[in-house]
Amino acid sequence: MKKIALHWQILIALVLAVLFGIYLKDYVEYISWMGDIFLRALKMVIIPLILSSIISGVTNIGNAKNLGRLGLKTILYYVMTSFFAIFTGLILVNIFEPGVGANLDLGKKVELDVGADSLGDTLIKIIPQNIFEVFSDNSQMLSVIFFAILFGFFITRVDKRSNTILTDAFNAVFEVMMKVTMFIIKFTPLGIFGLVAAKVAEQDDLIALMQSLGLYMAVVIMALFIHAFVTLPMITRFIGKVNPWKHFHNMKTPLLTAFSTSSSSATLPLTMDAVENRSGVNNKISSFTLPLGATINMDGTALYECVAVMFIAQAYGYGLDIGQQIIVVVTALLASIGAAGIPMAGLVMITIILTAVGLPLEGVGLILAVDRILDMFRTATNVWSDSNGAVIIAKSEGEELKV
Ligand code: ASP
């Protein structure tokens, strides 16, 4: 019998999960463990995968002496696409004004147990004071990346013998981690079934939410679609000279996983597999750009944060002038860079933007209820942008791709 492609298996699992979550709500505890195990397994590989891939990526690129150029291109792509995303959100939220007259309980106080650091602190904390501390915490990826880049860079500066040993060793560790990853990927449909069924069963007042926050959700999702299906494909086509739809076809499995897990970091192993083995990006480039992208390139999150803050301002009746909107744009970019690739990280970072423009932090409470749903869409956009970055940069380095 012909094997059903993985992305079809995932789609079927998604549909079954939604049906299960709605009609067999009381039984989800019997299947939610599948999702828990899957997420735990993905989280297990994140740190060793990021460490080995960035160290081997930086070392291989550094030995070939084009680290500076690649780094610059990568950052340029990340900043450019994030700005495009934010502007798309800003334009739509100004046109549709979903917060004006929204029927919301503005007096509601929220308990946010996750305090976000200020931007200054976030930057300072990029330098870890104890590497084992950050290795044991999946949300401090910027520090892990910082250490990995430094370590990889200085491997290229040691004597030839040590360089060869270390380069080979980290390449080998990375190879092993990718094999472990591929093994976990086989279980994606089962994992997603458990995860999504449990999430669907939790949402009981969806209709009520739709009434008050429907337009806001529609604006976020519409802007994300424009960014993902118009802006990014155009950049990939005209700047990257790569066929975006062929690449999209290759990316279905990681995109569906990003959608179901709401975590770019957890999806990273699948993203790397698809970008390398399906779209044909050389491991040297993908192992450097993708882990970096999963942490700092979050177009969907940046867009979402901008729309959310504008929505909160509209709901409270504060008109933000152009100057303040520019502050929103810039802080949304920085907040998206600082957000970890885990579920609801973007929501926490919104407090930074609210503070910057003087809006009440309680505003986050207005959008809390639908954050998890919107997280699915923005995380898929984040991963889609990372993968486009990898193919564009690979192509610009003169590589032959399969897309
Ligand atoms: N969940 C998103 C991600 O992992 C981050 C966010 O909350 O916006 O990419």
Side-chain angles (χ1 to χ4, degrees), residues 2-11 13 38 41-42 44-46 48-61 70 74 168 170-192 232-233 236 240-261 263-294 297 341 379-380 382-403:
K2 201 167 161 271
K3 205 168 163 290
I4 306 173
L6 189 59
H7 61 265
W8 281 114
Q9 293 182 28
I10 297 176
L11 264 182
F38 178 65
L42 282 179
M44 170 183 80
V45 292
I46 295 174
L49 187 69
I50 288 196
L51 260 183
S52 59
S53 84
I54 293 201
I55 293 178
S56 79
V58 169
T59 311
N60 292 332
I61 299 169
L70 260 180
T74 309
D168 287 350
F170 278 100
N171 283 343
V173 173
F174 177 55
E175 224 176 279
V176 175
M177 286 319 301
M178 279 308 278
K179 287 264 188 273
V180 176
T181 300
M182 313 267 249
F183 174 68
I184 299 173
I185 289 175
K186 293 206 174 82
F187 299 95
T188 313
L190 291 175
I192 283 180
L232 285 177
T236 306
K241 310 262 186 298
V242 173
N243 183 337
W245 308 119
K246 246 177 146 175
H247 175 56
F248 181 74
H249 178 72
N250 295 339
M251 288 297 297
K252 280 186 200 141
T253 299
L255 291 178
L256 285 168
T257 309
F259 185 78
S260 318
T261 59
S263 171
S264 312
S265 297
T267 310
L268 178 66
L270 290 88
T271 317
M272 295 187 79
D273 172 47
V275 167
E276 281 177 25
N277 299 330
R278 298 186 66 106
S279 288
V281 171
N282 186 318
N283 171 267
K284 249 191 219 172
I285 289 175
S286 63
S287 63
F288 171 68
T289 59
L290 290 175
L292 209 61
N297 180 42
T379 307
N382 291 345
V383 170
W384 174 227
S385 173
D386 296 340
S387 79
N388 278 291
V391 289
I392 291 174
I393 290 162
K395 191 76 178 190
S396 76
E397 290 289 305
E399 277 192 32
E400 277 303 318
L401 303 179
K402 293 187 204 154
V403 283

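Everything numeric in this text was worked out from a predicted model, so none of it was measured. No hydrogens, no waters, no symmetry mates; every other heavy atom, side chains included, goes into these values.
How far CZ of Arg278 is from OG1 of Thr253: 6.5 Å, rounded to the nearest 0.5 Å. Remark: Ile4 CD1 to Leu11 CG distance equals 11.5 Å, nearest 0.5 Å. Atoms CD1 and CD1, from Ile50 and Ile55 in turn, are 11.5 Å apart once rounded to the nearest 0.5 Å. In this structure, the separation between CG on Asp273 and NZ on Lys179 is 10.0 Å, given to the nearest 0.5 Å. Between Leu6 atom CG and Lys186 atom NZ the span is 10.0 Å, to the nearest 0.5 Å. For the atom pair OG1 (Thr267) and CZ (Phe259), the distance works out to 12.0 Å, reported to the nearest 0.5 Å.
With contacts defined as side-chain heavy-atom distances shorter than 4.5 Å, the pair Thr379/Thr261 does not qualify. Looking at heavy atoms from C-beta onward, Leu401 lies in side-chain contact with Val281 at the 4.5 angstrom threshold. Inter-residue side-chain proximity for Ile392 and Val242 is flagged as unmet; no heavy-atom pair is nearer than 4.5 Å. Side-chain contact check for Asn60 versus Phe288: every heavy-atom pair is 4.5 Å or farther apart. Residues Leu42 and Leu270 are in side-chain contact: their nearest non-hydrogen atoms beyond the backbone lie under 4.5 Å apart. With contacts defined as side-chain heavy-atom distances shorter than 4.5 Å, the pair Phe38/Ile184 qualifies. Under the 4.5 Å side-chain criterion, counting only non-hydrogen atoms from C-beta, Met177 is not in contact with Ser53. Side-chain contact between Glu399 and Ile285: present, with at least one pair of heavy atoms (C-beta onward) separated by less than 4.5 Å.
When all heavy atoms of Asp386 and Leu290 are compared, the closest pair comes out as O-CD2, 3.7 Å. In this structure, Pro189 and Ala13 approach most closely via the heavy-atom pair O-CB, 3.3 Å. Of all non-hydrogen atoms in Glu276 and Ser287, the two that sit nearest each other are OE2-N, 4.5 Å. Here the closest non-hydrogen pair linking Ile185 and Pro269 is CD1-O, 4.2 Å. Looking at every heavy atom in both residues, Ala380 comes nearest to Leu255 through O-CD2, 3.4 Å. Smallest separation of non-hydrogen atoms from Lys395 and Gly240: CG-O, 3.1 Å.
Counting heavy atoms of neighbouring residues, nucleotides and ligands inside a 6.0 Å radius, atom CH2 of Trp8 does not exceed 12 of them.
Ser56 contributes no side-chain N or O that, together with a main-chain N or O of Asn171, makes up a donor-acceptor pair within less than 3.5 Å. Judged by distance alone, the side chain of Asn388 and the main-chain N or O of Trp384 form a donor-acceptor pair under 3.5 Å. Formation of a donor-acceptor pair under 3.5 Å by the Lys402 side chain with backbone atoms of Asn277 is found in this model.
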Step by step, work out the side chain to side chain contact (heavy atoms under 4.5 Å, CB included) result for Met272 and Leu49.
-> CA-CA 10 Å; Met272 295 187 79; Leu49 187 69; 4.0 Å; yes

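Residues meeting the side chain to side chain contact (heavy atoms under 4.5 Å, CB included) test with Asn382, sequence neighbours left out: Ser264, Met298, Thr301.
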